[in-house]
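Heads up, the thing below is written out as structure tokens.
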Amino acid sequence: MKRLDKAARIQAILDERFPSPPVPLDHGDPFTLLCAVVLSAQCTDERVNQVTPALFARARTPAAMAQVPVDEVRAIVRPCGLSPAKSKALVGLSAILCAEHGGEVPRDLLALERLPGVGHKTASVVMAQAFGVPSFPVDTHIHRLAWRWGLSNGSSVERSERDLKRSFPRERWNDLHLQIIHFGRAFCPALRHDPAACPICSWAMSGARRQAETRRRAR
């Protein structure tokens, strides 16, 4: 099956299963979304959503967050893991937003990527979900599914992002990013994955990729 034909069939399945995918991270504005995505690195969205109410009760704006001692932020976000780096990033990026962006989250990918603790994926999530700018954020989970489904060769996250953008209509990128996340959790997990039972892998995953995944699990 040609890549674009496969992508169209995958898109139809995702639309059927998850027609209105919610943003997994609780937030109320671009700044709280940015903070939540920073905290989500190597942490579950569920855990982040448990932590952010206390964080945002203490500081919900860049001006307020920039004034909170890093140690205090660290104590709040400790359950998310990597708390020394994450707390420093939250206070640091808040100070930069106040000093360079009028206390607002910039609607600019490169400006976002220059903030402490904000990489390309985090910046892309903010562009997509806070500002509605077509983006296709790719984390390790979406990267894995793109490989399983034969939409990319698995060589890098950057390659997967390029391939996914070429496979799907630009106006659908933001929804598809969320749909793939929710589909992966429901049907296509990293561990104990049964390709035959997956509504997409059952037909989209090649025999060679099934064997490669089996070999990796056996190591």
Side-chain angles (χ1 to χ4, degrees), residues 7 10-11 13-14 17-18 21-27 30 32-52 77 79-83 85-86 89-90 93 105 109-110 112-168 170 172-193 198 200-201 204-205 209 212-213 216-217:
I10 289 171
Q11 182 177 318
I13 293 172
L14 295 174
R17 301 275 181 169
F18 301 97
V23 178
L25 294 169
D26 296 338
H27 67 285
T32 53
L33 176 62
L34 174 60
C35 292
V37 181
V38 169
L39 291 175
S40 71
Q42 299 185 40
C43 179
T44 65
D45 294 340
E46 180 181 9
R47 178 61 58 85
V48 173
N49 289 338
Q50 293 170 352
V51 166
T52 49
V77 305
C80 293
L82 305 177
S83 59
K86 290 179 180 179
L90 291 179
L93 70 83
V105 176
L109 185 69
L110 295 180
L112 286 168
E113 289 179 348
R114 287 194 288 269
L115 297 172
V118 179
H120 179 70
K121 192 270 290 186
T122 296
S124 296
V125 170
V126 174
M127 293 297 290
Q129 308 307 335
F131 301 124
V133 177
S135 308
F136 215 128
V138 175
D139 59 12
T140 55
H141 305 293
I142 293 179
H143 175 58
R144 182 186 308 110
L145 268 59
W147 175 80
R148 283 178 176 172
W149 299 345
L151 296 179
S152 191
N153 65 9
S155 60
S156 69
V157 169
E158 293 77 15
R159 173 64 183 268
S160 291
E161 180 179 344
R162 291 195 301 270
D163 290 340
L164 289 169
K165 285 180 173 179
R166 286 196 291 260
S167 299
F168 297 102
R170 188 173 188 270
R172 292 300 316 280
W173 291 351
N174 292 353
D175 280 344
L176 283 162
H177 157 251
L178 295 174
Q179 288 172 317
I180 294 173
I181 289 173
H182 288 290
F183 183 92
R185 291 174 179 174
F187 301 105
C188 207
L191 301 176
R192 295 178 293 279
H193 173 238
C198 174
I200 294 179
C201 287
M205 191 175 187
R209 297 193 182 206
E213 191 165 272
R216 281 204 298 269
R217 288 199 301 265

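The chain is numbered in sequence order, starting from 1.
- Put simply, the side chain of Arg148 gets close to the backbone of Cys188: a donor and an acceptor are under 3.5 Å apart.
- Side-chain contact between Cys201 and His193 is present, with at least one heavy-atom pair separated by less than 4.5 Å.
- Using a cut-off of 4.0 Å between Lys/Arg side-chain N and Asp/Glu carboxylate O, Arg209 and Glu213 are scored as not salt-bridged.
- Although no hydrogens or angles enter the test, the distance criterion places a donor-acceptor pair under 3.5 Å between the side chain of Asn49 and the main chain of Asp26.
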Check the pair Leu34 / Leu115 against side-chain contact (heavy atoms from CB on, under 4.5 Å), numbers first and verdict last. CA-CA 10 Å; Leu34 174 60; Leu115 297 172; 4.1 Å; yes
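- For Phe168, the ring pair (Phe, Tyr, Trp, His ring centres under 6.0 Å) criterion is met by no residue, not counting sequence neighbours.
- Put simply, CD on Glu161 and OG on Ser156 are 9.5 Å apart, with the number rounded to the nearest 0.5 Å.
- Shown here for Pro22 and His182, the closest heavy-atom pair between the two residues is O-NE2, 2.8 Å.
- Side chain of Gln179 to backbone of Phe18: a donor-acceptor contact under 3.5 angstrom is found.
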Please assess Leu39 against Leu90 for the test side-chain contact (heavy atoms from CB on, under 4.5 Å), listing each intermediate value before the final yes or no. CA-CA 9 Å; Leu39 291 175; Leu90 291 179; 3.9 Å; yes
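- In the model, His27 has no side-chain atom that pairs as donor or acceptor with a side-chain atom of Gln129 under 3.5 Å.
- A distance of 5.0 Å separates CD1 in Ile200 from CD1 in Ile13, rounded to the nearest 0.5 Å.
- Here Ser167 contributes atom OG and Trp149 contributes atom CH2; the two are 11.5 Å apart, rounded to the nearest 0.5 Å.
- Closest of all the heavy-atom pairs between Val138 and Ser160 is CG1-CB, 4.2 Å.
- When atom types are taken as modelled, the side chain of Arg159 and the backbone of Ser152 share no donor-acceptor pair closer than 3.5 angstrom.
- Leu33 and Val125 make their closest contact through CD2-O, 4.3 Å (heavy atoms, listed as atom of the first residue, atom of the second, distance).
- Across all their heavy atoms, Ala41 and Lys86 have their closest contact at O-NZ, 2.7 Å.
- One finds the OG1 atom of Thr52 at 8.0 Å from the CG atom of Leu25 (value rounded to the nearest 0.5 Å).
- Between Pro79 and Val51, the shortest heavy-atom distance links the atoms CB-CG2, 3.9 Å.
- A donor-acceptor contact shorter than 3.5 Å links the side chain of Ser135 to the backbone of Val133.
- No side-chain heavy atom of Thr122 sits less than 4.5 Å from a side-chain heavy atom of Leu112.
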Going through the checks in order, is the side-chain contact (heavy atoms from CB on, under 4.5 Å) test met by Leu164 and Leu176? CA-CA 10 Å; Leu164 289 169; Leu176 283 162; over 6 Å; no
Should Glu158 and His120 be marked as a side-chain contact (heavy atoms from CB on, under 4.5 Å) after you check the CA-CA gap, both sets of side-chain angles, and the distance that decides it? CA-CA 10 Å; Glu158 293 77 15; His120 179 70; over 6 Å; no
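- Nearest heavy atom pair, residue Cys43 against residue Val48, reads SG-CG2, 3.9 Å.
- Rounded to the nearest 0.5 angstrom, Asn174 CG and Met127 CE are separated by 9.5 Å.
- Taking the side chain to side chain donor-acceptor pair (under 3.5 Å) definition, one finds that Asp139 meets it with nothing, sequence neighbours left out.
- Counting heavy atoms of neighbouring residues, nucleotides and ligands inside a 6.0 Å radius, atom CZ of Arg47 does not exceed 12 of them.
- Separating the CZ atom in Arg144 from the CD1 atom in Ile180 is a distance of 13.0 Å, to the nearest 0.5 Å.
- Taking the ring axis of Phe183 as reference, the NZ or CZ atom of Arg17 does not stay both within 45° of it and closer than 6.0 Å to the ring centre.
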